[in-house]
Amino acid sequence: MLKIYNTLSRKTEEFQTLDPGKVRMYVCGVTVYNDAHVGHAMSAIVFDIIRRYLEYRGYEVKHVMNYTDVDDKIINRANQLGEDPLQLSARYIADYANDLKSLNVLPATANPQVSKTMPLIIQFVEGLIEKGHAYPAENGDVYFRVNSDDDYGRLSGRKLEDMQAGARIEIGEQKENPLDFALWKAAKPGEISWDSPWGKGRPGWHIECSAMNLAELGEQIDIHGGGNDLIFPHHENEIAQSECYTGKEFSRYWVHNGMLQLGGEKMSKSLGNIISIKEFLAQRSSDVMRMLVLNGTYRAPLMFNDDTLDAAERNVERLKSTLKPASPSASGLNAGNASTLDMAVESAKTNFTEAMDNDFNTAGAIAVLFELSKSVNTARDNGANADQLQHAQDVFKQLAGVLGLTLEEKKGSSEQEAQVEALIAERTEARQQKNWKRSDEIRDQLKEMGVTIEDSKDGTTWKWS
RNA sequence: GGCGUCGUGGCCAAGUGGUAAGGCAAGGGUCUGCAAAACCCUCAUCACGGGUUCAAAUCCCGUCGACGCCUCCA
């Protein structure tokens with residue numbers, strides 16, 4: 001039985017879908033105005049793992065991830081660059097999709113955009129006004145009336161009274177209550193805008209997600225996800241809008257990932273301590289980023305530094321060792337050892353599911369993979385042949401795949417590889433002549449080229465390091 | 001100040017009542033011409049102080065500390 005921690009109840013609950021066997025999941029995507037960073041990668045990877053595991057468990061998953069392509073920051077950036085805002089955002093949407101692909105994140109089932117959801121957003125706002133949950137102001141803004149929602153604050157555990165104290169109204173706003181938030185913002189001169197019953201303007205930040213949810217997944221969904229920095233106000237406001245509009249419970253489970261930590265604090269655009277996904281991938285593989293995430297708890301802060309990354313890199317290498325082929329000269333496992341391997345495979349499958357069923361305990365799942373890895377490697381050392389390793393390696397690859405690990409080796413150009421092969425051939429000859437000096441020279445040379453070699457009875461193998 | 005998450009070996013980190021998974025690092029072995037990889041062995045009583053219980057890292061109270069949100073943010 002799968003259990004998921006629900007931010008709404010602050011408890012781990014049994015997972016039950018609205019429709020049997022089907023999961024409707026909405027994850028808040030990014031605002032597209034510059035390069036995405038590794039914190040975004042963490043979030044994308046977390047929900048990719050959740051999606052993959054749900055599918056592994058037999059669910060049909062509709063996974064929606066939106067793009068916020070209409071926003072103050074986009075408009076500012078576009079002005080700086082002298083570019084059309086929608087053109088700018090289109091560029092970064094393509095860019096982010098590319099980043100996700102590089103990270104082996106499965107494409108979402110749908111990627112709605114604010115700019116393409118305008119009619120529904122306007123309809124949504126009109127509906128809220130009709131029901132008394134929102135009101136247009138004279139300046140052309142439309143605000144959500146928080147006092148009209150008795151449940152307001154239940155996701156973030158806040159009470160309206162507690163929040164009143166620090167809240168204040170910005171200049172130019174015409175709110176009844178400082179905590180009311182904009183559903184629709186009147187256009188400033190020269191800004192990109194859309195026609196509406198309240199004049200030219202654009203949507204507020206929160207309404208877009210409510211509208212896109214409705215468009216893609218309907219009135220009620222199973223899982224709503226995002227970073228835990230979105231709990232308030234974004235998700236709180238989404239709940240208020242959606243539930244006031246439909247009169248139904250919006251999302252059954254609220255799932256939030258923790259923040260990636262760089263130097264003891266959250267990595268974020270506003271703090272400026274950013275490492276972009278592209279910068280990261282120029283140095284390390286996507287598996288390393290994923291391993292870093294897998295090694296921890298998705299809800300907890302994730303330590304991102306050279307030490308944790310180096311360890312993650314070694315972890316990936318260790319897992320890869322599982323897939324090394326049997327020795328061609330293997331004599332075969334005896335019955336006892338073969339049965340030991342079989343049992344290890346079976347318990348790995350069981351333990352993997354048990355770990356992941358417990359609120360996606362990926363650290364536990366990874367430990368299962370390490371244990372299976374050890375069993376396979378031991379079997380190989382004990383003389384298992386290719387046939388005997390096959391099943392265990394297949395299961396291993398399948399489980400690693402559920403976590404989204406590729407375990408692929410790096411590749412070089414064919415010329416580089418030809419050069420490496422030639423050097424290794426030369427070294428093999430030197431070794432046959434017991435010319436250890438020359439042999440070691442070549443090994444050093446290869447190392448400088450980024451090649452690690454391993455000698456065995458069956459010959460020399462190599463890989464890019 | 002309010003709300004929330006959390007504090008496990010040198011590092012990352014599982015475990016939420018019955019005497020501490022896994023990985024990295026480190027040390028010792030096997031293998032190897034030497035390496036590398038793999039395999040074997042060694043390495044913690046769970047921030048602190050009380051309490052509940054036959055039994056607590058795990059429940060309760062308090063203290064200290066960290067992080068997140070309360071303004072844009074994955």
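These numbers come from the heavy atoms of this one structure, side chains and all, not from hydrogens, waters or symmetry mates.
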When the distance from [atom1] of [X] to [atom2] of [N] is rounded to whole Å, what number comes out?
X	N	atom1	atom2	result
A/Asp444	B/A35	CG	C1'	10 Å
A/Leu389	B/A38	CG	P	16 Å
A/His63	B/A74	NE2	C1'	12 Å
A/Leu446	B/A35	CG	P	19 Å

Item to check | Donor + acceptor pair across side chains of A/Asn213, A/Ser242 (<3.5 Å) | outcome: no
Next on the checklist: Can you check the distance between B/A13 and B/A44, where both ends of the measurement are the C1' atom (answer in whole Å)?
Outcome noted: 13 Å
Next on the checklist: What contact category does A/Glu317 fall into here, base, sugar-phosphate, or nothing, at under 4.0 angstrom with non-hydrogen atoms?
Outcome noted: nothing
Next on the checklist: Within the 4.0 Å heavy-atom criterion, would you say A/Asp440 contacts the bases, only the backbone, or no part of the nucleic acid?
Outcome noted: base
Checklist outcome for this item: Hits for side-chain hydrogen bond (donor to acceptor under 3.5 Å, both in side chains) against A/Ser339, two or more places apart or cross-chain, chain-then-number order -> none
Checklist entry - According to the Watson-Crick and G-U wobble definitions, with both distances under 3.5 Å, which nucleotide is paired to B/C69? => result B/G2
Item to check | Watson-Crick/G-U partner (both atom distances under 3.5 Å) of B/C31 | outcome: none
Item to check | Closest-nucleotide ordering on RNA chain B, the 5'-leading residue of A/His234 and A/Arg10 | outcome: A/Arg10
Checklist entry - Hey, which of A/Lys437, A/Arg438, A/Arg443 is the one that makes salt bridge (Lys or Arg N to Asp or Glu O under 4.0 Å) with A/Asp440? => result A/Arg443
Checklist outcome for this item: Those residues at least two apart in sequence (or on a different chain) that pass salt bridge (Lys or Arg N to Asp or Glu O under 4.0 Å) with A/Arg145 are A/Glu176
Checklist entry - Which ones in residues 353-361 of chain A lie close to RNA chain B, meaning a heavy atom under 4.0 Å from one of its atoms? => result A/Asn358, A/Asn361
